[in-house]
Amino acid sequence: MEEEQIQRIVTRVMERLAARLGADGGRGTLIFVFTGATVAFSEALRQVRSLILDGFRAQLCLSESAGQLYGGSIEDQLKGFPHIDSVPHDKWLGALQDACGVVVPLLSVNTLSKVSLLIADNPATNLILHALFLGKPVAVACDGVDPGPDSGRRHLGFRYATPALEQAVLHRLKTLDSYGCRVTRASELRSVVNDLLPVDKRTESESSKVVDGSVRSQIRHQKRTVTAADIVYARSLGADLILPPGSLVTPLARDLASQHHVAIVLGDDHA
């Protein structure tokens, strides 16, 4: 099955099921600020989808460079999800006042430097800084700026920074932390936001497992049949499915699971 066909199916399934999966927008609005970093892009979008399914509305603000780099990709990957719109650039303060928090899934060195120096010269930096001034929670993923030895930046080739340059970046991250930002990894954004803001209790039984050095959620599937909708839901959470013995997996669900790397594991009978 072609990728485009699968994406259309995923979009249609999500349009039908999003509200039933928890995406009712009842927990308030989060403003997601995207800046010009690309490290952990897929993980960052997975976290955004998860937070929408947790019941948050999403307002998106893309810096100029973010819009040029991956604006179209963000739109594609959020198709089918409800309660998403953009922050009007000329009304960012009103949007911020109505929001319950700000999330920065992709932080660039440029934005990090500006915010740490209290420079707010565009909507993205204004939203981050003034959220702090308003006492609103701000969660920031540092994957795009982290100079550490195993960081994504090094895998992109940015491995020749002098110790002084690396220390300057780390100092700016500490400054953001001291301002009140929760600095974390992209893979932890959902958990951090749910820690900062009231959490709805989910009905599904979920756990986590370390796979290849990263933490993946596991959903214990309660039904005997696994459909495409179940795979779409698991994919949106970055989770694998644990099935009771005797479960049936539809061909489309199996195709989607393979396409999106959702593991289907036969577990002990837990029904």
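Side chains are part of it too, since the values below use all heavy atoms of this structure and drop only hydrogens, waters and symmetry mates. In this chain, residues are counted from 1 in sequence order. Computed from a prediction, not measured in an experiment: that's the story for all the values here.
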How would you list all residue pairs meeting salt bridge (charged side-chain N to carboxylate O under 4.0 Å, His left out) that involve residues 160-181, not counting sequence neighbours?
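For residues 160-181, and leaving out neighbouring residues, the salt bridge (charged side-chain N to carboxylate O under 4.0 Å, His left out) pairs sorted by first residue read Arg154-Glu166.
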Which residue pairs pass the salt bridge (charged side-chain N to carboxylate O under 4.0 Å, His left out) test with at least one member in residues 95-104, sequence neighbours excluded?
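Every pair satisfying salt bridge (charged side-chain N to carboxylate O under 4.0 Å, His left out) with a residue in residues 95-104: there are none.
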Taking all non-hydrogen atoms of both residues into account, name the closest pair between Gly55 and Asp24 and its distance.
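Minimum heavy-atom separation between Gly55 and Asp24: CA-OD1, 3.7 Å.
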Taking all non-hydrogen atoms of both residues, which atom of Ile74 and which atom of Leu62 are closest, and how far apart?
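Scanning both residues completely, I find the closest heavy atoms to be CD1-CD2, 4.1 Å.
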Any side-chain heavy atom of Asp240 within less than 4.5 Å of one from Ile264?
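No, too far: nothing below the 4.5 Å cut-off.
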Which pairs, with at least one residue in residues 89-142 and sequence neighbours excluded, count as a ring-ring contact (aromatic ring centres under 6.0 Å, His included)?
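Qualifying pairs: Trp92-His130, His130-Phe133.
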Not counting sequence neighbours, which residues clear side chain to side chain donor-acceptor pair (under 3.5 Å) with Asp85? List them please.
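Asp85 satisfies side chain to side chain donor-acceptor pair (under 3.5 Å) with Gln59 once adjacent residues are dropped.
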Applying side chain to side chain donor-acceptor pair (under 3.5 Å), can you list everything that pairs with Ser65, at least two apart in sequence or on another chain?
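By the side chain to side chain donor-acceptor pair (under 3.5 Å) rule, Ser65 matches Ser63.
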Cluster question for you: counting only ILVMFWY and a side-chain heavy-atom cut-off of under 4.5 Å, with indirect links fine, are Phe81 and Leu106 together?
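Yes; Leu106 is reachable from Phe81 via cluster members.
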Are Val103 and Leu127 connected, step by step, through hydrophobic side chains (Ile, Leu, Val, Met, Phe, Trp, Tyr) whose heavy atoms are closer than 4.5 Å?
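No, Val103 and Leu127 fall in different hydrophobic clusters.
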Check whether Ser247 reaches the backbone of Leu243 with its side chain - one donor and one acceptor, N or O, closer than 3.5 Å.
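No: the side chain of Ser247 does not pair with the backbone of Leu243.
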Rounded to the nearest 0.5 Å, what's the gap from CG on Leu156 to OG1 on Thr38? Could you check?
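Atom-to-atom, Leu156:CG and Thr38:OG1 are 5.0 Å apart.
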Holding to ring pair (Phe, Tyr, Trp, His ring centres under 6.0 Å), I want the full list of residues that pass it with Tyr179, two or more places apart in sequence or in another chain.
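Tyr179 satisfies ring pair (Phe, Tyr, Trp, His ring centres under 6.0 Å) with no residue once adjacent residues are dropped.
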Glu43 bridged to Arg46 by N-O distance under 4.0 Å
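A salt bridge is present here (some side-chain N lies under 4.0 Å from a carboxylate O).
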Salt-bridge contact Arg153-Asp146 (side-chain N to carboxylate O under 4.0 Å):
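Result for this pair is no, no salt bridge flagged.
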Between Arg182 and Asp195, is the salt bridge (Lys or Arg N to Asp or Glu O under 4.0 Å) condition met? List the steps.
CA-CA 11 Å; Arg182 282 286 296 271; Asp195 183 49; 3.4 Å; yes
